[in-house]
Amino acid sequence: MSAVSGASVVVVGGGASGLSAGWWLAREGVDVLVVDAGIVGWEASGRNGGGATHYQSPLFHEEQRLWPMMDEMLGYPTEYRRERIIFATNEAHLAEYRHMAETCIGLGYHASFLDGAEVRARVPFAGENALGGVHFHFGGHANPQRTVQAYAWALQDHGGRIRQHVKVTGLTLAGGRVTAVETTAGPIGCDHVVLAAGPGLAAIAATIGIEVPLAPARAEMIVTEALPLMAVGGVDGNGLYGRQTLRGNLAYGGGPHEWLDLPDGRPTGRPSTPVLAGLARRLAELFPKAAHVNVIRSWAGVIENTPDGRPVIERLADPDNLTLCTMSAVGFGLSPATGHALRDLVVDGRCSFADLDKLRLARFAGLSPDWRRQQGWVAAPAARAVPEVV
Amino acid sequence: MNRMTPPPAVPGRDPAVDPKSVAGMHAPATEHVELLVVGAGPAGAAAAIAAARAGLKVKLVDENPLTPETIGLDVPLKFGGRATAAVQNPARMLEQVLAADPALEEAFEAGVDVALATTCWGAFLNGPGLGTLAGPVAGLAAEGRAWLCGFDRLIVAAGARDLVLSFDGADQPGVVGAAALHALLARYDAFDGESLVVLGSGPLAVAAATAALDRGLAVKALVEVLDTPQAPADAVAALAARGVEILTGHVVVRAEKGAFGVAGAVVAPVADLAAARAIACDTICLALGTVPMVDLFEVAGAALEMDPGRGGFVPRRAGPNATTRPQVFFAGDCGGIAGDGVADPASAAADGRRAAAAVLASLGRAGEGDVLVGTGAADDEAGAGAAASGDGVTAGILAYRRAWMAALRAAGGDEVIACQCEEVTRAELLGVRPPRYLGWSSPQMDRRDLGTLAADGPVDPDQVKRLTRAGMGPCQGRRCREQVALLVAEATGCRLEAVPLAGYRAPVRPLPLAVLAALPESAAMTANWEVWFGIDTQWVPYDVIGTEREAEWLGANMHL
């Protein structure tokens, strides 16, 4: 494998966050290199629901500001479409969705409440079981696979570099600074490192004594053959998240995850399981008028979570040329804004558009080394008691 | 919104484990067998019979007769819209499939649980990335419902499917594969065509032409891009004697289009494409090769490897008929296409018996398999031949595919559809164009193609799929993946053998939501189903974190 020449900024991890950071840096002329152990966007960044409506995040406003401009800014299509609808088939869900809408309205966004008939009028596949819902006149969804490649191409168009199939094995510290990224293709010298390696972040940070508590897990999705397009493709409910693609396929996920033990954070397999039938069951309930449509594929992705399920986005004080980013399993939709924030941290030392203080790593100081077991986030033994069937 | 109260304890689940995780949630299988055999062709039937006679509890499933909808999707074979209305009648089809194969009757008599018109859409085993199953299970579906069948051992005997390379007009009714033609003629008695032009001149093409002639159909020509026929001279001469024109050094330029699909094949000498002429026919049969049907192996997590001598991607052998998954075995063509690529029921059955013996040995019950020994030494020799990574007749298989691809591109250009489901042309694939319905164009996009993609590293067909949608439709690349691999190799200058396999995932057959929805679900899953991880603190609005209002949002969930 040929050696990789150094860069001013080395981004470790070509997922949505790392690629977006690389793009933001490259477009203002920073000498940036994104290194990925496999193919860019190949892991969870390219295997998710594509949602772009994250009101819980400090990056929310920037997420909403950027998405409508992304195609033009990148020069490649992301398939972004605005708006979302969520609707309920039971009262508990309806209350939950209304609470979600009130939160968004409180943040200054426009959401309208729908009764069952209004849901059916806006969601052609909804049935008589639709009780009501919410139309979010903001937010939206994009095609993850197209978007990650768009980031990669756009950063190259601005002079940034991508190196695939190079695995980062550690960091080199000298004089209190990271001076190089150690890789399977040799050391890569750098002035600054952005660690955005998903589940693999922890093992890399640990090589210089920085503990980032992360637990990887596998989650599943299904996709159907194409159906006629709904006016709003981002429709959720019934324990599912997902979207109708612009081709017409219904791509939906949700349901139980499986915690994994991955010594270096790299997925060893991404199998689907019979959980895919649970997804089909709920999708058929959500869209009774589409219950006849064929499921043509399922897939799974591996994502990492911090102990509180919230991101770590921080430029460290020591070493002060290392910036960490894990989005704790909610990274794709926020990625335009995450990249902007990472650019700000690298170049200016602080985020220009949002307070990120509550997302510092220090909140986990004093966490028990045994935290995964204490939270029950453990990789299960192969065989378990047989559950009762409904 | 406050869901701080823990969910009720679920019987049988470990209270120390995250209740929202899948541990302890998978429903038990509806049935359990010691051996599940998928595919009731000669290999699968022989395996099931041998194992049942040795005392195993065996279930043999076969998706035939397929539903008309599945046939219409060209899954698993390239039926090309040439099935008669007879396939609309399930009872007639069931009768026909039974009558076509005496081994099924024998299997019934041996005590095998034979399930026809039953699809195996997945096989799930603990392994990398999955450790929560109580045991190996297969997803089955029939009569509008899905269920799980647990197994100790699985023999996949799924056979081979058609190799499809395209030309102008190949997306209309009347372009069928040789394996599909065989199924429609021999298994279903439901072929809706009268006159054929066969592409290819190897043993597979000769067998297809002969079978058609024997049924009283007209075979107008064999078309071969190479200068010499690929089948033995006497076999080719026999066809010529029956009136079949043998056109070596020729390529199909396009299919003529009529009201009912193909109305003719326009062929031309490879060296003089201007000298094209039309041959009237209603069917063009692709007999360029078949490909081992490996989708279930991949779903089961068995390693695959490219072996041109065995027809393409095949399960990596971990012992006689064994895959790298100790519970999963292969029999027949799906484990590697033997010899000259023509289905040989006797050697397939022998391979099935070997697979049964391997299963019995793996269960420590080899002694009960005496009944198997009677198959004789000839079987073992045939097996050795079938198993060998041969450099015999099929050694040039990839070169043959490349020669056909080059001739088809020279004759028909790249504005020809390569992925029929998504209507992606060869040119769009080579240019990694976004799908036409996006209406996207930009100077940046115009500078990108497969070549520039390859500059960033070896190109995976799944990347091409993500960008162009080629292989993303209902047939999941069963009609285009070999062509995609050929184009990727050609455009990126890599060896065809080095192009990775585009992934297969469950369900390996298209299945309606409502059918999968019928799969039994555990009470634990129903009670604990969450949109996302169900982490109490994950969806608390940022401004609220650390304030006294935080409790209002704990346990909130997120869709969107």
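Quick caveat, the model's predicted, so the values are computed rather than measured. In what follows, chains are A, B, ... by sequence order, proteins preceding strands, each numbered from 1.
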Who wins among [options] for the most heavy-atom pairs under 4.5 Å with chain B?
{"options": "A:T273, A:V223, A:L107", "result": "A:T273"}
{"options": "A:P267, A:G75, A:P311, A:G50", "result": "A:G75"}
{"options": "A:P58, A:A226, A:P216, A:G254", "result": "A:P58"}

Checking side-chain polar atoms at under 3.5 Å, does [X] have a donor or acceptor matched by the opposite partner on [Y]?
{"X": "B:Q476", "Y": "A:R297", "answer": "yes"}
{"X": "A:Q156", "Y": "B:R448", "answer": "yes"}
{"X": "A:S272", "Y": "B:R505", "answer": "yes"}

Open item on the list: If you define the side chain from C-beta out and look only at heavy atoms, does anything of B:E69 sit under 4.5 Å from A:N294?
Closed with: no

Open item on the list: Quick one, B:P435 and A:R247 - any side-chain contact, counting heavy atoms below 4.5 Å?
Closed with: no

Task: Ring centers of A:W259, B:F533 separated by less than 6.0 Å - done: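 When the ring centroids of A:W259 and B:F533 are compared, they turn out to be within the sub-6.0 Å range.
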
Task: Output field: ring centroids A:H99/B:W553 closer than 6.0 Å - done: yes

Task: chain A contacts, top residue of B:R509, B:R466, B:Q444 (heavy-atom pairs, under 4.5 Å) - done: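 The answer is B:R466.
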
Task: Salt bridge A:R282-B:E521, side-chain N to carboxylate O under 4.0 Å - done: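 B:E521 and A:R282: salt-bridged.
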
Open item on the list: Taking B:E298 first and then A:R270, would you say they form a salt bridge - that is, a charged N and a carboxylate O separated by under 4.0 Å?
Closed with: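 Between A:R270 and B:E298 there is no salt bridge, as every charged N stays at least 4.0 Å from the carboxylate O atoms.
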
Got a donor-acceptor contact below 3.5 angstrom from the [X] side chain to the [Y] backbone?
{"X": "B:W539", "Y": "A:H54", "result": "no"}
{"X": "B:K20", "Y": "A:P256", "result": "no"}
{"X": "B:S442", "Y": "A:Y76", "result": "no"}
{"X": "A:R218", "Y": "B:G129", "result": "yes"}

Open item on the list: On the six-membered ring of B:W529, is A:R281 placed so that its NZ or CZ lies under 6.0 angstrom from the centre and within 45° of the ring axis?
Closed with: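 Geometry flag: not set, cation outside 6.0 Å or 45°.
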
